[in-house]
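Below is one structure; the comments refer to it alone.
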Amino acid sequence: MAPSATIRGFDDYLQSLPPITFQKLYQQPATALAIFRRMLPSLAKIFVTTLLYNERPIPLADLQSWVRTESYREREDAFIKLRRLHIIHENGAHINLDPIFKKNFRLALTGGGDHHSFGVPVAGEDKKKVDIPFLDKYAASQFDCILHYMVEPSGTQQPGQGVKHLLSTSGLMRVSSTASKITQAGFSFILQEGNAQIWVLLIQYLEMSESLGMEKTDVLHFLLMLGSLELGQGYSVATLTQTQKMMLTDLRDYGVVFQRKSTSDRFYPTRLATTLTSDVTGLRTAAAAFSHAVTASSKEPSDDPEERGFIIIETNYRVYAYTSSPLAIAILELFCKLGSRFPNLITAKLTRGSIQRAIANGITADQIIDYLRVHAHPIMRKNVLILPPTVVDQIRLWQIEGERMKTTPGFLFRDFATQWDFDDTARYAEEVGILAWKDPKKRLMFATRTDQILDYLQRRQAQGGQAAVQAGKKV
Amino acid sequence: MDTADASHHYGATTNEEKPSLLVLILDTNPFAWSTLSSSLPLQKALAHLLLFLNAHLSFSHANRVAVIASHTKEALFLYPRSHATPEPTTDPSNKYRLFSQIESCVQTSLRSLLASTTASSLAGTNETMMAGALSLALSYIHRICHVDNSTIGSTAPRPGEIPRQDQAAMTARILVISVSGDLANQYVSVMNSIFAAQRMRCAVDICKIAGDTVFLQQASDATGGVYMQLEHPEALLQYLLTAFIADPATRRHLVPPSQVNVDFRAACFCHKKVVDIGFVCSICLSSQLSPLLSLCFMLFIFCSPPPGALCTTCNTRLDITALGNYGGKPAFISGKKKKTKKAKKALNDSASSSMPGTPATAT
């Protein structure tokens, strides 16, 4: 399962960690489980389960021959992921799981041990009952508050100081002494779906936590543990480390956990937390889950029009939005030309100019279309195609208009010693899918990543060396 | 430079894969397990299976499992169960909650199932309700993958339309842990379940620990599942984690464990015997065929021409003479003596010339 784009930031962050950190991370079964579940492509997962109960290392070639030759790329991708996350150890032509990972992943599957990494539930009822609808409402209100603040920094809803600091350090808001302003990155952040937004915030938080002197592995353990907790269950604060207790107060501001008072002895993960390590497609998105849960709990269609959908689009690009929420209006303004405003209605128009402006701000056509589709008015939903196809196509065309040129960040390889050397490396890069351009005559090639090629060259050198040694012995 | 590039959104395309549902059918035939008790007792097998289920669940947050017991006279769900199950006894902080829930649920329901099985209730049966278990599994898959999701998404199948795996929000597969022998008595119902699975594009994997069943081989072959006869039953877990863990989407990338010979024989409908050659009425297509190769349709098959040459389905009088001497022994026509002598001589000559001077003849 290719980790989705939303998780990519976290992926890169993890891979930048030194091996020693991984050793610490895999000490906790819950973390081993979460990384296995969230970070690995499905082929890699199968390799892990195959190796899990094999005591002895098995030949790499055996595993490789198990995959169809057409799926070469997926296979290499799986191995690269496993190497980068330091889950497998290679010893010559043999391969085995990292012993710490193996031990703790087994523990996660079988249970037992004494690690408390799956959270310690608090027995007995809380004085005031905390149920799931309450948690959903709490998380939604906290998170909406952040979004409102981003759109309208001077508004009535002000999030905690920690959130403001996080938004400014992450570059989503530009904070000056007089006024705060949302940045381009912030715009595209707002239009992302819920799970992705949370991850963006949490990755920023991870990076910031180091400068605050928090123990990195503790932070990671806690974040990954949250994903394996159960919604609606209270968990004890007592077993958490000092760092993790500090985190609780911050995560409370994001709506990820609920704690009645900072001195309270229990905390409740919200839906935002329990869906952290789940797949976006598997469950409905966090936001959709909210509205579903909220409407389901109140039984009758809720009064808030935003939850039912409020946008009508006509084939002539006119947009009617039945809303008075400043957040919704601000979001619409990102890609619409607003017309007039009535007490409960906004009229607007999608124009080439407004879409181009949004795209220049880093918002993509797909984000706009998704937003419109998710918030379409019930009347629109009666159609087979919710949005008029002409409008959808035109938004995409407007986006393509601006794309005359494409930049690819990457690395130039040159000074190959022999033509064979060049051809072999270029062939490998192409197979793994990182080759952007090559010129065989000049022996130049441009690849999007270096680590895989370095890895390959090293292995090739090692194999070549062995072959040379063997040849020497024969002589 | 970067501002000139507005095409970054292309990089965001990923092939998200669907969560997967695994329905495990456990053959709980007490006779078969008792013969296995030396190499793989039921408790040990159950521990392996639970670990395997946990591994499946750990693949994705949205993966689901169901466990069905195929007992001697009934098939029933071990998990999920409608009535409440006792809370797991282990310390919940050391185990993922879902894992311990499933574990305790399967264990308690299996225990109650085995407790309700008495010696008298076992009298006269030595088979397992595989057909019932398969149909339970298929209806559960249908409910989870198609019906439940249609209330959420807009992809509700229209009435009368056959839902297919590729439209569903989840992929599903069935894994049968089989220990019993032949299912000839349930031939029709098992085959119907197989065709249903084939239409739903739901793979049926067979993990054969003991016994031999023709029809389960056909099941895995028709639905594109894995069939594996375990050589070392005590290593069940390793087999499961290696060969059966891959979900249908990942199998595209793997070389499947090969299955050498599929036994395509059918069972006759009159005596439930597995036959090499069957007879079918030419009128009502209850058709005439030698080894039943095509699995796409079912016919009423007799093991021998019906008594009185009357088709039991449509009562048509059949012309059995059209069969000629089909199935009879070939008549032996004795040739002239001379010829046989000649032939014998030629045979001897060729024999002696082909092996010249063997020690026996030399002495």
Side-chain angles (χ1 to χ4, degrees), chain A residues 1-5 29-30 33 36-37 42-43 45-46 49-50 52-54 65-68 70-71 74-75 107-121 227-228 230 239 275 277-284 292 359-360 364-366 381 386 399 402-407, chain B residues 1-20 47 50-52 54-63 88 90-100 103 152-154 169-170 235 237-238 240-243 245-247 249-250 252-257:
Chain A
M1 196 164 314
S4 58
L33 180 67
F36 171 83
R37 170 183 287 172
S42 56
L43 212 50
K45 288 179 188 166
I46 290 173
T49 56
T50 306
L52 188 61
Y53 281 88
N54 259 324
S65 65
W66 192 27
V67 182
R68 284 177 201 269
E70 309 89 271
S71 305
E74 282 83 2
R75 187 187 83 196
L107 259 186
L109 289 186
T110 55
D114 189 30
H115 42 80
H116 302 297
S117 64
F118 290 102
V120 182
S228 60
E230 187 171 297
T239 53
T275 54
T277 50
S278 63
D279 285 301
V280 190
T281 45
L283 297 163
R284 287 152 289 151
H292 184 80
I359 285 168
T364 68
D366 285 338
R381 283 173 205 276
I386 297 175
Q399 167 172 281
E403 293 165 4
R404 310 270 164 89
M405 190 159 127
K406 191 179 167 190
T407 58
Chain B
M1 181 82 172
D2 273 354
T3 51
D5 176 18
S7 59
H8 50 86
H9 53 276
Y10 289 125
T13 52
T14 47
N15 48 341
E16 296 275 0
E17 278 163 23
K18 293 174 185 171
S20 123
L50 286 170
L51 193 64
F52 169 70
N54 289 349
H56 171 76
L57 287 171
S58 65
F59 265 50
S60 158
H61 199 277
N63 275 6
T90 50
D91 184 359
S93 66
N94 289 327
K95 185 150 192 175
Y96 190 42
R97 204 176 149 79
L98 186 61
F99 293 173
S100 40
E103 192 175 301
I152 298 163
S154 54
M170 272 188 136
L237 180 64
Q238 190 60 42
L240 290 173
L241 285 181
T242 311
I245 192 77
D247 57 7
T250 319
R252 281 180 299 144
H253 303 305
L254 296 176
V255 181

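These numbers were taken from a predicted model, which means no experiment stands behind them. Note on naming: letters A, B, ... go to the chains in the order of the sequence lines (proteins, then strands), and numbering restarts at 1 for each one.
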query = Under a 4.5 Å heavy-atom cut-off, does chain A meet the side chain of B:L57, its backbone, both or neither?
reply = backbone
Pairwise distance CG(B:L254) to CD(A:E74) - rounded to 0.5 angstrom = 10.5 Å
Least distance between heavy atoms, A:R37 atom then B:S58 atom = CB-O, 3.4 Å
remark   = Rounded to the nearest 0.5 Å, the OG1 atom of A:T110 sits from the CZ atom of B:F99 at a distance of 10.0 Å
query = So do the side chains of B:F52 and A:T49 get within less than 4.5 Å of each other, counting heavy atoms only?
reply = no
key: Those residues that, when tested against B:T242, pass side-chain contact (heavy atoms from CB on, under 4.5 Å) (two or more places apart)   = A:T50, A:W66, B:Q238
note = Separation between OG1 (B:T250) and CD1 (A:I46), nearest 0.5 Å, reads 4.5 Å
task = Can you tell which part of A:T239 gets under 4.5 Å to a heavy atom of chain B, answering side chain, backbone, both or neither?
result = neither
query = So how far is it from A:L109 CG to B:L241 CG, rounded to the nearest 0.5 Å?
reply = 8.0 Å
